[in-house]
2 protein chains.
Amino acid sequence: MSKCDQCIIKQFNSLKALGKEDLIRISGCKTSRFVNKGEVLFREGESINGVYCVKDGVCKLSKLSANGKDQIVKLVVRGDLIGQRSLVSDEKSNLTAIALNDMEVCFIPKNEVMHDLTNNAKFSLDMLQEMAKELKTADNIIVDMAQKSVKQRLADVLIYLQETFDKDDNGFLNVILSREDYANLVGTATESAIRILSQFKKSGLIFTKGKHVKIEDLEGLRRVE
Amino acid sequence: MSKCDQCIIKQFNSLKALGKEDLIRISGCKTSRFVNKGEVLFREGESINGVYCVKDGVCKLSKLSANGKDQIVKLVVRGDLIGQRSLVSDEKSNLTAIALNDMEVCFIPKNEVMHDLTNNAKFSLDMLQEMAKELKTADNIIVDMAQKSVKQRLADVLIYLQETFDKDDNGFLNVILSREDYANLVGTATESAIRILSQFKKSGLIFTKGKHVKIEDLEGLRRVE
DNA sequence: TTTAAACTATGATATTTGTCATGTTTTGAT
DNA sequence: ATCAAAACATGACAAATATCATAGTTTAAA
């Protein structure tokens, strides 16, 4: 089993604030897990009882709305932690996590994290800073959801994907979303998302082949209104 | 000048996690301030350099969207802290704070709060928990903004106001919002907010007299769709 | 490789929401 | 108490978005 203190991934999240001793202790308790594309990591309402550290792959965090539709609240990528919020609040998860491609994650039990949160002010402050960052992002999304058109929000999502994910040899985004996922990211009907993506394709802003998407004109997407 | 360790307000926020000594130290640095209705506490982009603790009154936190409209992200009430997020991230404010009625606030300089954040794990953890709660609320708002109709969102706002604010002798809400504020809370045009409020009034869900609003049928509001 | 299921595409139409115009009411300063 | 400015109200219309129907395409499992 690989050791946390030697893991590159820790650089990207609050675990970097821990000392070697703490990381070795956590290594002893953590479990590693492979998650297949489409598999559910956990569901809304379940107790997670720990945090996941994403070593590889992407997953979507979504929430079921009153009208029965899923809203994707966040995409989680390599290096991110999942489940901190529920852990800190000592609540069941308010979100469902589903893998968008094959993932490798480490699970760190709640007690270990709480131990460091209560004893290590540096770790605690770092996690506070990460959560503050997430809150700012969430506030920005609220404003966008409330004020931007569906077309703008979809353009924003495409820009975000282009800036966040790797591309394959042909320039296609290395993350595969269904049209329904796009719809659930921007909060619209699947048909509307399909229509707008087709429109973007016709205007040369993107190119698509099945679910594979390539961003052709990033600046053009920024000008969408 | 009143002392923090004797202030009832501290029960409602993270300051409760501090010991008497720390509270007395903070008392010595804090400043008290009265803010008139409509007055700007701080603007988006300004450095706050501390946190405000709301002793009395209500204020709105809003963000200017790309299209020039304000989106109200949160209402802040007696007992709440303002500015923690920016303080923790060491960033300028991403929100504008405007008083909705006459307020009394205490301002605690950044250094004092940071001192406790870095030295007092209990305080730091408590603030982490508060921020986790805010993040959950923000995620819920994202889902509502994305999935609910304007009418439902406006009904939600009215339910929230009824459950959060005091009523006067005649049952009117003790917080006065303009129709534009209602529009900026739900993310719609002012005319749309006006129309829907009129409609709610006609159906007996609410009663209005100028800006004064009384909730007549809370359960009816919950059934709006 | 085949084949059914899932996903994508698109037209027609209904509904929601925004915008503009105009008139009325309320509010706050004098 | 008066009056102008701000806020509220409402109609008419335009634009955005959702819904329903139907057909074509892709995907993944047998």
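Residue numbers start from 1 in every chain, and the chains themselves are labelled A, B, ... in the order their sequence lines are given, proteins ahead of strands.
Taking the nucleotide of DNA chain C with the nearest heavy atom to each of A146(A) and E180(A), the more 5' of the two is matched to E180(A).
Scanning both residues, K110(B) and L87(B), for their nearest heavy atoms gives CA-CD1, 3.8 Å.
What separates NZ of K151(B) from C1' of dT17(C) is a distance of 11 Å, to the nearest Å. N36(A) has its CG atom 11 Å from the P atom of dA29(D), to the nearest Å. Atom CZ in R153(A) sits roughly 14 Å away from atom P in dA16(D) (whole-Å rounding). One atom, CD1 of I206(B), and another, C1' of dC8(D), lie 13 Å apart when rounded to the nearest Å. What separates CG of L197(A) from C1' of dT17(D) is a distance of 15 Å, to the nearest Å. H212(B) places its NE2 atom 11 Å from the P atom of dT26(C), with the value rounded to the nearest Å. E191(B) has its CD atom 16 Å from the P atom of dG23(C), to the nearest Å. Note: CD1 (I176(A)) to P (dA28(D)) measures 10 Å, nearest angstrom.
An OP1 or OP2 oxygen of dG18(C) is reached within less than 4.0 angstrom by a side-chain nitrogen or oxygen of T188(B). Taking 4.0 angstrom as the limit, K69(B) places none of its side-chain polar atoms (N or O) nearer than this to OP1 or OP2 of dG18(C). At the phosphate of dA9(D), OP1 or OP2 sits under 4.0 Å from a side-chain N or O atom of R179(B). For S192(B) and dG18(C), the shortest distance from a side-chain N or O to OP1 or OP2 is below 4.0 Å. Distances shown here put a side-chain N or O of S198(A) below 4.0 Å from the OP1 or OP2 atom of dT10(C).
Using modelled atom types, one finds a donor on one side chain and an acceptor on the other under 3.5 Å when comparing K201(B) with T208(B). Side-chain polar atoms of N49(A) and S47(A) form no donor-acceptor pair below 3.5 angstrom. A side-chain donor-acceptor contact under 3.5 Å links D181(B) and S178(B).
One end of the helix from dT1(C)-dA30(D) to dT30(C)-dA1(D) points its axis 60° away from the other end's axis, with each axis taken from 5 pairs and the angle rounded to 10°.
In the set dA9(D), dC7(C), dG18(C), dG18(C) carries the atom at the smallest distance from any side-chain atom of A189(B).
Counting only distance, with no hydrogens or angles, the side chain of S27(B) and the backbone of C4(B) share a donor-acceptor pair below 3.5 Å.
Within the 4.0 angstrom heavy-atom criterion, only backbone atoms of the sugar-phosphate kind lie near S149(B); the bases stay farther away.
Under the 30°/60° scheme for interplanar angles, the aromatic rings of Y160(A) and F165(A) are found to stand perpendicular.
The base of dG18(C) does not come close enough to the side chain of R195(B) for any donor and acceptor atom to sit less than 3.5 Å apart.
A salt bridge links K74(A) with E134(A): the distance from a Lys NZ or Arg NE/NH1/NH2 to an Asp or Glu carboxylate oxygen falls below 4.0 Å.
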